[in-house]
Amino acid sequence: MSDPKVRKHPAANPVKSKADVLRDFRTDQILDAATVVFGKLGYAEASIERIAEEAGVARSTVYVYFPNKELLLNHCLARHRVVLGGRVRAAVESAVGLEARLAAFFSAVLLYVGEVSEFFRALMGVRGIDPFFGASSSEVPTPELETLREEVQLVVDSIFASAIAAGELAPEAEPLARDALPLVLYGA
């Protein structure tokens, strides 16, 4: 039984204020709309006005939450990175063996990208970005893409390290296997 005299740390049971709930709702609403608009139009053609229209808010409301389109894109990427990363890690960690772990990796990536395919297609096609393995040719800085690539690399590193340790993959075959991953992913 807990002692009523002991105060719990506020972070242990956070209670959101009405303003926090509204801010989170608006942020999600705008990010959902931005994902759709970036996906349909690409970054260059997407406008804050069009994103506001899709979100059902005033243009000025978007600027309250996101001062520019570049920051809005990075927040969209951050959101997708977090969800995708969680799914990929969970899938890979639950699999055993090189083939199963690679299959789990590909499956998790492809399933999630399929859910927001227009957004990822716009990133890859319109902006010339490889969101998982390659460097960006975009002129718009996208730090969240670099974070996504680093996270993907950590997962791939763990897959190959486990396979080498288990004798499933010869160390000299690792570079070829790494080179094949992006080809297989984009081919799928």
Side-chain angles (χ1 to χ4, degrees), residues 10-11 13-91 105-155 181-188:
N13 191 12
V15 177
K16 288 187 175 186
S17 70
K18 195 175 191 178
D20 290 339
V21 171
L22 179 60
R23 184 195 66 235
D24 291 349
F25 172 78
R26 284 284 182 243
T27 300
D28 287 344
Q29 185 180 22
I30 293 166
L31 289 172
D32 288 344
T35 294
V36 169
V37 173
F38 287 137
K40 286 182 181 175
L41 305 177
Y43 180 81
E45 297 299 318
S47 67
I48 295 294
E49 187 170 326
R50 180 67 185 98
I51 291 166
E53 181 182 307
E54 179 74 27
V57 299
R59 193 174 107 193
S60 60
T61 301
V62 175
Y63 283 114
V64 166
Y65 294 89
F66 303 98
N68 58 53
K69 189 169 68 166
E70 180 182 312
L71 186 62
L72 182 53
L73 175 66
N74 277 297
H75 277 270
C76 285
L77 286 165
R79 184 188 215 200
H80 293 301
R81 177 187 57 77
V82 168
V83 175
L84 176 61
R87 290 185 187 183
V88 168
R89 281 188 302 279
F105 171 79
F106 285 119
S107 180
V109 169
L110 294 173
L111 286 172
Y112 185 73
V113 169
E115 291 175 21
V116 287
S117 60
E118 287 183 342
F119 179 77
F120 278 97
R121 190 174 302 118
L123 283 177
M124 290 169 31
V126 176
R127 297 190 56 223
I129 292 173
D130 171 349
F132 303 108
F133 295 102
S136 171
S137 63
S138 172
E139 294 176 15
V140 178
T142 49
E144 283 299 327
L145 279 177
E146 293 311 314
T147 304
L148 174 60
R149 288 185 189 112
E150 289 168 10
E151 290 179 0
V152 165
Q153 195 59 55
L154 288 173
V155 171
L181 281 179
L183 299 172
V184 172
L185 185 60
Y186 297 115

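Everything quoted here is computed from the prediction, not taken from an experiment. In this chain, residues are counted from 1 in sequence order.
Ring geometry for Phe38 against Phe119 counts as tilted: the plane angle lies between 30° and 60°, on a 0 to 90° scale.
Residues meeting the side chain to side chain contact (heavy atoms under 4.5 Å, CB included) test with Lys16, sequence neighbours left out: Asp20, Val21, Asp24. Residues meeting the ring pair (Phe, Tyr, Trp, His ring centres under 6.0 Å) test with Tyr65, sequence neighbours left out: none.
A salt bridge is absent between Glu118 and Lys40; no separation between the charged side-chain nitrogens and carboxylate oxygens falls under 4.0 Å. With salt bridges taken as basic N to acidic carboxylate O contacts below 4.0 Å, none links Glu150 and Arg81. At a threshold of 4.0 Å, the pair Arg23-Asp28 does not count as salt-bridged, since none of the basic side-chain nitrogens sits closer than that to a carboxylate oxygen.
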Practice problem: Determine, stepwise, if the pair His75 / Glu70 fulfils side-chain contact (heavy atoms from CB on, under 4.5 Å). | Solution: CA-CA 9 Å; His75 277 270; Glu70 180 182 312; over 6 Å; no

Practice problem: For side-chain contact (heavy atoms from CB on, under 4.5 Å), just list the numbers for Val88 and Tyr112, CA-CA rounded to whole Å, side-chain angles, deciding distance to a tenth of an Å, and then say yes or no. | Solution: CA-CA 9 Å; Val88 168; Tyr112 185 73; over 6 Å; no

Practice problem: Evaluate the criterion side-chain contact (heavy atoms from CB on, under 4.5 Å) for residue pair Val152 and Leu84; output intermediate values, then yes/no. | Solution: CA-CA 10 Å; Val152 165; Leu84 176 61; 5.7 Å; no

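When all heavy atoms are compared, the tightest approach of Ala44 to Lys69 is O-NZ, 3.6 Å.
Note that NZ of Lys18 is 9.0 Å distant from CG of Leu22, once rounded to the nearest 0.5 Å. With rounding to the nearest 0.5 angstrom, the CG atom of Asn74 is 11.0 Å from the CZ atom of Phe66. To the nearest 0.5 Å, atom CG of residue Leu148 and atom NE2 of residue His80 are 11.0 Å apart. The OG1 atom of Thr35 lies 9.0 Å from the CZ atom of Phe120; values are rounded to the nearest 0.5 Å. One distance of note links OG1 of Thr61 with CD1 of Ile30; it measures 6.5 Å at 0.5 Å rounding.
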Donor-acceptor pairs under 3.5 angstrom involving side-chain atoms of residues 45-58: please list them, not counting sequence neighbours.
| from | atom 1 | to | atom 2 | distance (Å) |
| --- | --- | --- | --- | --- |
| Ser47 | OG | Arg50 | N | 3.0 |
| Arg50 | NH2 | Glu54 | OE1 | 3.4 |

